[in-house]
Novice: 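Quick one: this structure, given as structure tokens, is what I'll be asking you about.
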Amino acid sequence: MWEVVLAVMLMSIGTPGHAQSASQDMFNVKTMPDPVTRYQACGRSGPSFVCDPNNLLQESQANRLDELLKDIYNETTIPCYASGPRASRRRGYLVMVAIVNKMKRLHTVNITDYSQQVRYMEAQYFSYYLGNELKWGRHSSQCNEMVIIFYSNEDQVLYTSTQPQARKLLTDDIVRTAVLETISADYPYTEPGQLASALMRLVRTYGTVLREEVAPQ
Ligand SMILES: *[C@@H]1O[C@H](CO)[C@@H](O)[C@H](O)[C@H]1NC(C)=O
Ligand SMILES: *[C@@H]1O[C@H](CO)[C@@H](O)[C@H](O)[C@H]1NC(C)=O
């Protein structure tokens, strides 16, 4: 029952320039670990909303990103937990970040030309299925409030997937604009600090939007 609806953006400018990551393992959605339960495999030292298995971020940077994500969860209330029987079990919007050095192809494996368009499709598939209830989507509720920010360094893709409840606030237009602004600021990221600030900028923007009150229907 995980209808995840997608919002998007891909960027591909210049050459990928990231410093070598500690681990060169490639991931697909099946092998991507869950940072809440398998945080060590995600390069984190405790349960986290960030999975960075190739260690593209430094630990302090991932920690700061995590704090922003936990603040969003803590300082928002999803509408279906705002009143009624669920109100005492408040839940906020769940924004999680997946960072890989390179995708291991799964969905587009039979397409020979691994063009920008195809990498985009692969990233879309990756993010979409991370929202599955067998994957990270298990942390989302039946209200479908999860947002997944996905970045693949060598594939040069930054993608955001939004579940329907989150998407009511974080519309495709807002996501597209935010991702374009993020990318145009300092892409390609040649050092971890640039990737970290780009992701933090994006998360802050999403946080501002998700904190907006919506008028009751
Ligand atoms: C959430 O906010 C409350 C009140 O501001 C604070 O006491 C609590 O530690 C926060 N929890 C997390 C996980 O940040
Ligand atoms: C790729 O092609 C093989 C052989 O034709 C097929 O079995 C497989 O399902 C295809 N994979 C995808 C993801 O389309």
Side-chain angles (χ1 to χ4, degrees), residues 1-9 28-30 32-39 42 44 46-52 62 64-100 107 123-151 157-179 182 199-217:
M1 55 131 247
W2 57 283
E3 327 111 46
V4 190
V5 184
L6 297 179
V8 279
M9 202 53 210
N28 61 36
V29 65
K30 288 185 181 168
M32 190 70 175
D34 181 333
V36 176
T37 54
R38 294 190 55 219
Y39 49 85
C42 285
R44 306 292 293 132
S48 171
F49 290 155
V50 178
C51 189
D52 177 22
R64 292 215 307 280
L65 194 55
D66 234 332
E67 274 169 32
L68 294 178
L69 299 167
K70 283 175 179 162
D71 285 348
I72 293 176
Y73 182 76
N74 209 8
E75 292 165 13
T76 60
T77 301
I78 52 175
C80 48
Y81 279 82
S83 61
R86 294 178 183 146
S88 60
R89 295 177 287 130
R90 190 204 65 81
R91 293 177 64 107
Y93 288 97
L94 202 52
V95 183
M96 294 178 71
V97 177
I99 305 166
V100 298
H107 180 56
Q124 184 177 44
Y125 181 87
F126 196 127
S127 324
Y128 186 85
Y129 279 98
L130 267 187
N132 187 293
E133 60 189 9
L134 297 175
K135 298 291 296 178
W136 297 10
R138 75 182 52 165
H139 306 298
S140 188
S141 75
Q142 61 270 53
C143 307
N144 291 310
E145 70 276 23
M146 183 173 273
V147 175
I148 293 171
I149 298 172
F150 174 73
Y151 176 73
V157 183
L158 176 62
Y159 191 92
T160 299
S161 137
T162 51
Q163 291 184 339
Q165 186 60 54
R167 199 183 199 213
K168 288 182 184 168
L169 292 172
L170 208 53
T171 62
D172 288 2
D173 276 353
I174 292 174
V175 166
R176 199 170 287 121
T177 304
V179 170
T182 301
L199 290 171
M200 280 191 265
R201 190 180 312 124
L202 193 59
V203 168
R204 282 198 190 93
T205 302
Y206 290 174
T208 303
V209 173
L210 294 172
R211 283 175 175 87
E212 282 168 13
E213 294 293 325
V214 271
Q217 301 286 320

Novice: Going by side chain to side chain contact (heavy atoms under 4.5 Å, CB included), V203 matches just one of L68, V147, T208, T182. Which one?
Specialist: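 Exactly one option meets the side chain to side chain contact (heavy atoms under 4.5 Å, CB included) with V203, and it is L68.
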Novice: Check R44 with D52, please: is the shortest side-chain N to carboxylate O separation under 4.0 Å?
Specialist: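 Looking at D52 and R44, the cut-off is not met.
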Novice: Restricting to non-hydrogen atoms, name the atom on F49 and the atom on P35 that form the minimum distance, rounded to 0.1 Å.
Specialist: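 Nearest pair, atom of F49 first, then P35: C-CG, 4.2 Å.
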Novice: Could you walk me through whether Y159 and I148 satisfy the side-chain contact (heavy atoms from CB on, under 4.5 Å) test, starting with their C-alpha distance in whole Å, then the side-chain angles of each, then the deciding distance to 0.1 Å, before giving a yes or no?
Specialist: CA-CA 8 Å; Y159 191 92; I148 293 171; over 6 Å; no
Novice: State the CZ-OG1 distance between R167 and T162, to the nearest 0.5 angstrom.
Specialist: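 Atom-to-atom, R167:CZ and T162:OG1 are 5.0 Å apart.
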Novice: First locate atom SG of C42, then atom CE of M32, and finally report the distance between them rounded to the nearest 0.5 Å.
Specialist: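 Those atoms lie 6.0 Å apart.
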Novice: When rounded to the nearest 0.5 angstrom, what is the spacing between CD in E67 and CG in L69?
Specialist: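 Rounded to the nearest 0.5 Å, the CD-CG separation comes to 10.0 Å.
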Novice: Name all residues meeting the side-chain hydrogen bond (donor to acceptor under 3.5 Å, both in side chains) criterion together with R91; count only those two or more places apart in sequence or in a different chain, and write none if there are none.
Specialist: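 Testing R91 for side-chain hydrogen bond (donor to acceptor under 3.5 Å, both in side chains), a comparison that skips the adjacent residues, returns E145.
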Novice: Once rounded to the nearest 0.5 Å, what's the spacing between atom CD1 of I78 and atom OG of S140?
Specialist: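 OG of S140 is found 7.0 Å from CD1 of I78.
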Novice: Mind checking side-chain hydrogen bond (donor to acceptor under 3.5 Å, both in side chains) for T205 and listing every partner two or more places apart, or none if nothing turns up?
Specialist: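 Per chain and number, T205 pairs via side-chain hydrogen bond (donor to acceptor under 3.5 Å, both in side chains) with no residue.
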Novice: Quick check: closest heavy atoms across L130 and K135, and the distance to 0.1 Å?
Specialist: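 L130 and K135 have their closest heavy atoms at O-CB, 3.4 Å.
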Novice: Run the side-chain contact (heavy atoms from CB on, under 4.5 Å) test on V36 and M96 for me, step by step, so that the C-alpha distance in whole Å, both residues' side-chain angles and the decisive distance to 0.1 Å come before the verdict.
Specialist: CA-CA 10 Å; V36 176; M96 294 178 71; 4.2 Å; yes
Novice: Would you please name every residue forming a side-chain contact (heavy atoms from CB on, under 4.5 Å) with Y125, sequence neighbours left out?
Specialist: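 Per chain and number, Y125 pairs via side-chain contact (heavy atoms from CB on, under 4.5 Å) with V29, L106, H107, Y129.
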Novice: Please report the shortest heavy-atom distance between Y93 and T77, naming the atom on each side.
Specialist: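 Looks like CE1-O, 4.2 Å.
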Novice: Sub-3.5 Å donor-acceptor pair from the side chain of R138 to the main-chain atoms of L134, do we have one?
Specialist: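 Present.
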Novice: Looking at OG of S127 and CE of M146, how far apart are the two atoms once the value is rounded to the nearest 0.5 Å?
Specialist: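 S127 atom OG to M146 atom CE measures 12.0 Å (nearest 0.5 Å).
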Novice: According to ring-ring contact (aromatic ring centres under 6.0 Å, His included), who are the partners of F126, at least two apart in sequence or on a separate chain?
Specialist: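 Applying ring-ring contact (aromatic ring centres under 6.0 Å, His included) to F126 gives F150.
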Novice: Closest approach of Q142 and Y81, non-hydrogen atoms and distance?
Specialist: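 Here Q142 and Y81 meet closest at OE1-OH, 3.8 Å.
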Novice: Looking at every non-hydrogen atom in both residues, tell me the closest pair between T76 and I72 and how far apart they are.
Specialist: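 Nearest heavy atoms, T76 then I72: OG1-O, 2.7 Å.
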Novice: Which residues pass the salt bridge (charged side-chain N to carboxylate O under 4.0 Å, His left out) test with D34, sequence neighbours left out?
Specialist: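 Expected list: none.
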Novice: Sequence neighbours excluded, which residues qualify as salt bridge (charged side-chain N to carboxylate O under 4.0 Å, His left out) partners of E75?
Specialist: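 Applying salt bridge (charged side-chain N to carboxylate O under 4.0 Å, His left out) to E75 gives R211.
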Novice: What is the minimum heavy-atom distance between Y39 and G46, and which atoms define it?
Specialist: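 Reported closest heavy-atom pair: CB-O, 3.1 Å.
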Novice: How many angstroms lie between atom CG of L199 and atom OH of Y206, to the nearest 0.5 angstrom?
Specialist: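 These two atoms lie 10.0 Å from each other.
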